[in-house]
Enquirer: 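The structure that follows is given in the form of structure tokens.
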Amino acid sequence: MDLGEVLRIVKKNTSYFFPEEEFVEKYRAFAEGRRGPLRVKFGADPTRPDLHLGHYVSLRKLKDLQDLGFEIIIIIGDFTAMIGDPSGRSKARPRLTPEEVKANAKTYFEQVFRVLDARRTRVEYNSTWLSKLTPQDIIELSARYTVSRMLERDDFHKRMEAQEPIYIHEFLYPLFQAYDSVHLRADMEVGGQDQVFNFALTRDIQKAYGQEPEIILTVPLLIGLDGVKKMSKSENNYIAFNDSPEDMYGKVMSIRDELMEDYYRLVLYYDEDRMAEIRKLIERDPLRAKERLAYEITRIFHGEEGARRGREHFNRVFRKRDLPDDIPVLRTDEPVKLSEALLMGGLVKSRNEFRRLLSQGSIRIDGQKVFEDKLIDRSTVVRVGKRRFLKIELS
RNA sequence: GGGCGGGUACCCAAGCGGCCAACGGGGGCAGACUGUAAAUCUGCUGGGCUUCGCCCUUCGUAGGUUCGAAUCCUACCCCGCCCA
């Protein structure tokens, strides 16, 4: 494969790729057999094993690199998880026990290896080397960077201005992450756009340890379901790998129209020719464009069959306002009040919530709105709002 | 260590003796509309109830003053800023 083609693949959908000359040099050496494959580092956060489409953007990129013959190294940050990445956050995360880390890592890999080839992927836990660092080592490491440079980082800067606390150990996060790269002699690191600071710092640290600095490759952040913030678990605006086909399809349908283009490009990975086509479709027939997007994305994770199921469910439940084919059932042997049934079925959290919904006309029995707490004395289907259902079976 | 400011519901943030379950915004939920769980508009958003009124719990923690406190006092815990 010629260099131009390699660069085209590597640079596709990146927000930041730097420095290109260093990459070219390393790649040439690799292609000419003067060195082994480039070691590409990717950090995983074991506190949140539930992967979502935002992660998919990075993983898809890694897949390309893997297919170019590079060595993909996934770092399970079990040690750094005790600190918590300060990126975009204001609170430290809780510490995890080794057992929790192990369990999380397992679910994590189940998801990652739907995209990457497990046999060709190396996995490392950073506690392996970080827990062996002595206080002297840590002093040595932290002596390579200054406080003011650390404070340049956007997150810290904002927190300073907002007069929010910054704890000293939070400075250690980027330093330890950098040390991972030193330990592995990483040639390249992949991550989201929000990792640019950490990666840049890593380059400096590597140089300070007399190593060649890693090449930085970041992918754009995917905007989440709220249409504003980046997709993340803590914002609860994400589409997870493990969402059911119905949820996945529905969630994609719920993104705002303006986001479709991003999703086509970053998630479906369409190239420029197809994007031109898609832009026209979005313009002409946004609903069809979104249906296609929802179908294609669901298909990645659930196959053709799952995508069809998701679409079918959506059209039935939301467009036609019919009942889904899979409704939770509450069995009872004597008549119950509607409020009791919904409480037991978990459709409402409290009686007060029930009363509110009732007065707003959100509760339907067999399709008919009800406004009082009726006694249910026959088998029936209750719908709360658009999305909550309960079948009550009286025996 | 000293001085000052601050800790309010899921988040941000008003309130500063009774009209406070507590303004406003965000988020969430719901209704209308629609091309969808888009957009837009509207309502609701601690719990319980014998439901248009009542009871319980909540304003960092623990006590106290008062007929009555998120609002005043005391102690303690925590955060920010400045000085050292």
Side-chain angles (χ1 to χ4, degrees), chain A residues 53 88-92 151 156-170 223-240 243-264 278 281-298 307 309-324 337-340 342-343 346-364 367-374 382-390:
Chain A
L53 294 188
R89 316 199 96 244
S90 56
K91 284 165 192 152
L151 289 177
F156 289 141
H157 198 74
K158 285 194 183 125
R159 279 160 69 181
M160 288 288 276
E161 296 207 323
Q163 307 209 324
E164 281 164 10
I166 296 170
Y167 294 88
I168 293 176
H169 75 288
E170 297 186 76
I223 301 295
L225 300 179
D226 56 21
V228 182
K229 294 180 185 141
K230 72 161 180 162
M231 186 174 283
S232 84
K233 196 171 179 189
S234 45
E235 291 296 336
N236 197 29
N237 63 353
Y238 65 105
I239 301 175
D243 276 341
S244 68
E246 291 82 3
D247 273 352
M248 193 173 266
Y249 190 96
K251 282 182 180 179
V252 177
M253 289 304 284
S254 84
I255 66 169
R256 47 192 306 150
D257 290 357
E258 293 71 32
L259 253 41
M260 281 196 269
E261 198 178 320
D262 275 4
Y263 278 58
Y264 267 108
I278 287 301
L281 180 63
I282 291 172
E283 179 82 16
R284 208 176 56 233
D285 191 348
L287 180 59
R288 249 193 74 214
K290 200 176 278 177
E291 284 176 322
R292 176 167 163 188
L293 182 67
Y295 188 89
E296 294 291 325
I297 289 179
T298 309
R309 252 178 44 219
R311 180 172 60 193
E312 207 266 328
H313 176 268
F314 187 85
N315 288 341
R316 181 169 357 158
V317 176
F318 298 106
R319 190 163 295 165
K320 297 200 198 110
R321 290 292 147 83
D322 281 348
L323 298 174
K337 287 182 100 176
L338 181 56
S339 56
E340 289 301 328
L342 294 182
L343 221 42
L347 296 219
V348 296
K349 286 197 288 288
S350 68
R351 285 175 213 285
N352 273 341
E353 187 189 11
F354 172 79
R355 288 185 196 103
R356 280 177 221 126
L357 291 166
L358 199 65
S359 68
Q360 289 182 112
S362 323
I363 302 178
R364 289 162 201 265
Q368 294 297 309
K369 281 189 185 181
V370 292
F371 291 94
E372 55 197 60
D373 193 358
K374 290 187 174 176
V382 183
R383 176 174 199 157
V384 178
K386 294 188 184 70
R387 299 165 61 184
R388 290 176 260 176
F389 300 89
L390 184 67

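So you know, we letter chains A, B, ... as the sequences are listed, proteins then strands, and number each from 1. Predicted model only: the values in this text are computed from it and were never measured. Below, all heavy atoms of this structure are taken into account, side chains as well, without hydrogens, waters or symmetry copies.
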Enquirer: Would you name the heavy atoms of A:I282 and A:E261 that are closest together and state the gap between them?
Expert: CD1-N, 4.0 Å

Enquirer: Determine which nucleotide pairs with B:C10, using a 3.5 Å limit on both distances of a Watson-Crick or G-U wobble pair.
Expert: B:G26

Enquirer: In whole angstroms, how far is the C1' atom of B:A37 from the CZ atom of A:R311?
Expert: 18 Å

Enquirer: Could you check whether A:E246 pairs with A:R316 (Lys NZ or Arg NE/NH1/NH2 to Asp/Glu carboxylate O, under 4.0 Å)?
Expert: no

Enquirer: If B:U57 has a Watson-Crick or G-U wobble mate with both distances under 3.5 Å, name it; if not, just say none.
Expert: none

Enquirer: Taking any heavy-atom pair under 4.0 Å as a contact, classify A:R355: base, sugar-phosphate, or nothing.
Expert: base

Enquirer: Under 4.0 Å between a side-chain N or O of A:S350 and OP1 or OP2 of B:G47?
Expert: yes

Enquirer: Which one is paired to B:G68, where only Watson-Crick or G-U wobble pairs with both distances under 3.5 angstrom count?
Expert: none

Enquirer: Might you point out which heavy atoms bring A:I255 and A:K290 nearest each other, and give the distance in Å?
Expert: O-NZ, 2.6 Å

Enquirer: With rounding to the closest Å, how many angstrom separate the C1' atoms on B:U8 and B:G46?
Expert: 14 Å

Enquirer: Give the nucleotide from the list B:C79, B:C81, B:A30 with an atom nearest to the side chain of A:Q360.
Expert: B:A30

Enquirer: With rounding to whole Å, what would you report as the distance between B:U34 and B:C29 at their P atoms?
Expert: 22 Å

Enquirer: Quickly work out the A:L293 CG to B:G35 C1' distance and round it to whole Å.
Expert: 15 Å

Enquirer: Tell me which nucleotide, if any, is Watson-Crick or G-U wobble paired with B:G80 when both distances must be under 3.5 Å.
Expert: B:C4

Enquirer: Would you mind reporting whether A:L53 and A:K251 have side-chain heavy atoms less than 4.5 Å apart?
Expert: no

Enquirer: Whole angstroms only, please: what is the NZ-C1' distance between A:K290 and B:U34?
Expert: 12 Å

Enquirer: Using whole Å, what does the distance between atom P of nucleotide B:A38 and atom OH of A:Y263 come to?
Expert: 14 Å

Enquirer: Would one find a side-chain N or O of A:R319 under 4.0 angstrom from OP1 or OP2 of B:U36?
Expert: yes

Enquirer: Between A:R321 and B:A37, is there a side-chain N or O to OP1/OP2 distance below 4.0 Å?
Expert: yes

Enquirer: Give the nucleotide from the list B:C79, B:A37, B:G35 with an atom nearest to the side chain of A:D257.
Expert: B:G35

Enquirer: If the P atom of B:C59 is compared with that of B:G53, how far apart are they to the nearest Å?
Expert: 27 Å

Enquirer: Using both distances under 3.5 Å as the test, list the Watson-Crick or G-U wobble partner of B:U74, or none.
Expert: B:A62

Enquirer: Respond yes when some side-chain nitrogen or oxygen of A:R159 is under 4.0 Å from OP1 or OP2 of B:G80, and no when none is.
Expert: no

Enquirer: On RNA chain B, nearest-nucleotide positions of A:V252 versus A:N352: which is more 5'?
Expert: A:V252

Enquirer: Using only side-chain N and O atoms of A:K369, determine if any of them is under 4.0 Å from OP1 or OP2 of B:A32.
Expert: yes

Enquirer: From CD1 of A:I168 over to P of B:G80, roughly how many Å is that when rounded to an integer?
Expert: 11 Å

Enquirer: Please determine if a side-chain N or O atom of A:R356 lies less than 4.0 Å away from the OP1 or OP2 oxygen of B:G47.
Expert: yes

Enquirer: Considering residues, nucleotides and ligands other than A:R288, do more than 12 of their heavy atoms fall under 6.0 Å from its CZ?
Expert: no

Enquirer: Would you measure the distance from the P atom in B:G68 across to the matching atom in B:U50 and give it in whole Å?
Expert: 31 Å

Enquirer: Across all strands, who's sitting opposite B:A32 as a Watson-Crick or G-U wobble pair, both distances under 3.5 Å?
Expert: B:U40

Enquirer: Sticking with atom C1', work out how far B:C82 lies from B:A14, rounded to a whole angstrom.
Expert: 27 Å

Enquirer: In whole angstroms, how far is the P atom of B:G28 from the OH atom of A:Y238?
Expert: 14 Å

Enquirer: Which residue lies toward the 5' end of RNA chain B, A:L343 or A:R256, if each is placed at its nearest nucleotide?
Expert: A:R256

Enquirer: Shortest non-hydrogen contact from A:R383 to A:K386?
Expert: NH2-O, 2.9 Å

Enquirer: Within this structure, what is the CE-to-P distance between A:M253 and B:U36, rounded to whole angstrom?
Expert: 8 Å

Enquirer: Within this structure, what is the OH-to-C1' distance between A:Y249 and B:U36, rounded to whole angstrom?
Expert: 9 Å

Enquirer: Which whole number of Å gives the distance between the P atom of B:C77 and that of B:U58?
Expert: 23 Å

Enquirer: Between B:G64 and B:C49, how many Å separate the two C1' atoms, rounded to a whole number?
Expert: 34 Å

Enquirer: When the P atoms of B:C12 and B:G27 are compared, how many Å lie between them, rounded to an integer?
Expert: 15 Å

Enquirer: Is A:R355 salt-bridged to A:E372, cutoff N-O under 4.0 Å?
Expert: no

Enquirer: Base, sugar-phosphate, or nothing: which does A:K349 touch, judged by heavy atoms less than 4.0 Å apart?
Expert: nothing

Enquirer: I want to check one thing: is the phosphate of B:A30, taken as OP1 and OP2, less than 4.0 Å away from some side-chain N or O of A:R388?
Expert: yes

Enquirer: Regarding A:D247, tell me which of base, sugar-phosphate or nothing describes its non-hydrogen contacts under 4.0 Å with the strands shown.
Expert: base

